[in-house]
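Just below is one structure, and these are the notes that go with it.
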2 protein chains.
Amino acid sequence: MSRPTVNDIAREAGVSLATVDRVLNARPGVREKTIHAVNDAIARLGYIRDMAAANLARSRSYRMAVLLPDGDSQFVQTLADAMQEAAQQAATNRTEMQLVRYPPEDTHALAALLAGLADEGIAGVAVMAPETPVLRDAVRGLRQRAIPVVALVSDLPNAGCDHFIGVDSRAAGRTAGLLMGRFTGNGPRRIAVVAESMLLRDAIERRRGFDEVLLADFPEAEALPTLETHGAPEALAAGLRELLSAGQIGGVYLLGSGHRALTAALGEMGLLGKVVVIGHELTRHSRAALTAGQLHAVIAQNPGHLARSTLRVLRAKADRAPIDEGQEQLRIEIVLHENLPPEPVEPARTSH
Amino acid sequence: MSRPTVNDIAREAGVSLATVDRVLNARPGVREKTIHAVNDAIARLGYIRDMAAANLARSRSYRMAVLLPDGDSQFVQTLADAMQEAAQQAATNRTEMQLVRYPPEDTHALAALLAGLADEGIAGVAVMAPETPVLRDAVRGLRQRAIPVVALVSDLPNAGCDHFIGVDSRAAGRTAGLLMGRFTGNGPRRIAVVAESMLLRDAIERRRGFDEVLLADFPEAEALPTLETHGAPEALAAGLRELLSAGQIGGVYLLGSGHRALTAALGEMGLLGKVVVIGHELTRHSRAALTAGQLHAVIAQNPGHLARSTLRVLRAKADRAPIDEGQEQLRIEIVLHENLPPEPVEPARTSH
DNA sequence: TTGTATGCGTTATCAA
DNA sequence: TTGATAACGCATACAA
């Protein structure tokens, strides 16, 4: 015996194919009693829906839009690549993706982009951006038109998104704090904290988590005020020098990007390998630093997972189908020299 | 425009549907010239085959078998649960799974089971077992009958499997070693290594990796000979006591299962939280110990990922389709108190 | 060597 | 509120 089909259900329930379909897809216009009869038959026969056939018959394809900030962040670039790869895979399931890079800092341009998407018959939108009132409104606008929106990497807690795909930044910061506390040993020590900017919610949350753990579990450690570099390597070097003049440093926590600049600055000061360095996200540079023993731990999220999860969740939302929480749960990964995953094969470069 | 179909190819090439199908599936009975014309059309239109529709038309379904050792290992039980859950998902894609638990230690029973599967029209087999000559032969037998076989959790390097789904045990051991070295600080210290048995390849490999890193990067640390408990909690307590009498212990590395017994023994000796404990796999017990601060790091592989990956790879092998290496690559996860993922919802218990 | 017609399991558009 | 019936993209038995 092969698996029961909708035809079997129809026969068993004494109704037509169309009615079974209506019940299956929770479409209106069926009497309560009929619904019950169909559901009974489904349960009796142990029917399992064939997704492949369903998708085929729908011959509907889903156009998803993914919005990522432009700029030269290695992490975002890696994510963009992963998105393209996931999209290629998803094309098999009638899901296509349109990747859009928007000028960072320009919230209004982003909002305009989002508003524009609403008219293009888009089935879902994923957006990675800091939360602003303008963005919140744009998201609400989309959702009012029944277009699902998911937040990517950075949560938008007050925008009313359908889902958040990423990790809890505060917990990520706590993890960094725990590692820093354990890696720097037992004596008293000062920990430098470096960031390009503290305007981003992620950086703030990470710092908060980091401090929490250090304060509670490693009272002998002292996390210094954040050194903001604003992307200027000289600022970083100068700042570090100043911190050093006030006493020895046991570790450096890099809140965001800037691995290259940090490695350079530490190298100049002859500190490479002498202080514990912990950072976020696995990029070409952090990977190299990890391999070279200049970086001791990376807190990361898997971009491939992030990308596939995004497309799957958007698809589920578009279908109003439930989400497999277990599968979509992103992990806060800890990457050390010894568990560094092999370099992924270089995909075709994203044109933006 | 939507994607080109076989019909479009047929029209473009000026042949019929059936001919296109013949070319597509490399079936005989087509003139060289016609083949060329069809392939030309395919290239011109950028045709991508819809595998889902193809399988639907074939009305093909896949019966996979997954063989797991029986017994009360928490990890295996968790994996079994994850398998059941993944199977439920996969049923939607015409893939069904038959989970078989075999008596551990009994290689011949396992081999007989495998041989039996060959006759049942199974589309693929996944097996978690230590490598033995008998098992190797059984695997070869299956593969001779064109049934793909994948090794699960523990590799079978000489059995000629189609794929290995799991992590490199030696690298996992190295990771444990690195963490142990860093967590136990700078001074000289002795590290106890505990295992239920050193007969399993995994345990040996982990120990090897652990020693490598400790020797190379932490010369002040001394990894003591493995304390084999053979599942007897008393043996563990006695052994630990003996090690203690010879001097202070800085850390304990638990090579395999036995979290509960270890926690109990350490508790009795008043060592809980005073020595660094590192173990493998996230189970109910290790999770609790991690939360309580009695266990400091767990090296784990994600059972959900393992399960889904297994079914996906088996399916791909059955279709002779390529595998998305990036997606199937299992990570050596490091779990600390701060990045412990939320407890998954309890699935229905596996009956075995 | 090639073409026609039908079916796979589901959805969707009609009409009743 | 229900039911025929025609797609969806591909495979295949059978006819030419």
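Since this is a predicted model, take the numbers as computed values, not measurements. Just so it is clear: chains get the letters A, B, ... in the order the sequence lines come, proteins before strands, and each one is counted from 1.
Closest to the side chain of B/V6, out of C/dG3, D/dT2, D/dC10, is D/dC10. Counting only heavy atoms from C-beta on, A/T34 has its side chain closest to D/dT1 among D/dT1, D/dG3, C/dT10.
Panel note: side chain B/R143, backbone B/G160; a donor-acceptor pair is recorded below 3.5 Å.
Taking B/A151 as the reference, B/D155, B/L156, B/C161, B/F164 meet the side chain to side chain contact (heavy atoms under 4.5 Å, CB included) condition, with sequence neighbours excluded. A search for side chain to side chain contact (heavy atoms under 4.5 Å, CB included) contacts involving A/D137 returns A/R140, not counting sequence neighbours. Every residue two or more places apart in sequence or in another chain that forms a side chain to side chain donor-acceptor pair (under 3.5 Å) with B/T95 is listed here: B/R315. For B/S154, the side chain to side chain donor-acceptor pair (under 3.5 Å) partners two or more places apart in sequence, or in a different chain, are B/D202.
Heavy-atom distances under 4.0 Å link DNA chain C to no residue of residues 312-323 of chain B.
Here A/V15 lies in heavy-atom contact (under 4.0 Å) with sugar-phosphate atoms only.
The structure places OG1 of B/T34 at 11.5 Å from NE2 of B/H36, a figure rounded to the nearest 0.5 Å. Here the straight-line distance linking atom CG of B/L314 with atom CD1 of B/I147 works out to 11.5 Å at 0.5 Å rounding. Rounding to the nearest 0.5 angstrom, the gap separating the NE2 atom in A/H163 from the CD1 atom in A/I165 is 5.5 Å.
With a 6.0 Å radius and a threshold of 12 heavy atoms from other residues, nucleotides or ligands, A/Q88 has its CD atom at or below the threshold.
One atom, CD1 of B/I42, and another, C1' of D/dG9, lie 14 Å apart when rounded to the nearest Å. Taking atom CG on A/N7 and atom P on C/dG9, their separation rounds to 8 Å, with Å as the unit. If you measure from atom CZ of A/R11 to atom C1' of C/dG9, you get 13 Å, rounded to the nearest angstrom. A/R3 places its CZ atom 8 Å from the P atom of C/dT10, with the value rounded to the nearest Å. For B/I9 and C/dT2, the CD1 to P distance is 17 Å, given to the nearest whole Å. With rounding to whole Å, B/L56 atom CG is found 9 Å from C/dG7 atom C1'. Between the CD atom of A/E32 and the P atom of D/dT2 there is a distance of 11 Å, given to the nearest Å. Going from atom CG of B/D50 over to atom C1' of D/dG9 covers 6 Å, rounded to whole Å.
Note on B/R49: every side-chain N or O is 4.0 Å or more away from OP1 and OP2 of D/dG9. Of the side-chain N and O atoms in B/T19, none sit less than 4.0 angstrom from OP1 or OP2 of C/dT2. Residue B/S16 has a polar side-chain atom (N or O) positioned under 4.0 Å from OP1 or OP2 of C/dG3.
Nearest heavy-atom pair, B/P69 versus B/R101, reported as atom, atom and distance to 0.1 Å: O-NE, 3.0 Å.
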Review item, nucleotides 12-16 of chain C N/O atoms under 3.5 Å of protein N/O:
{"from": "C/dA12", "atom 1": "OP2", "to": "A/R27", "atom 2": "NH1", "distance (Å)": "3.0"}
{"from": "C/dA12", "atom 1": "OP2", "to": "A/R27", "atom 2": "NH2", "distance (Å)": "3.4"}

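Nearest-nucleotide positions on DNA chain C place B/V30 closer to the 5' end than the other of B/V30 and A/P4. Nearest-nucleotide positions on DNA chain C place B/G14 closer to the 5' end than the other of B/G14 and A/L24.
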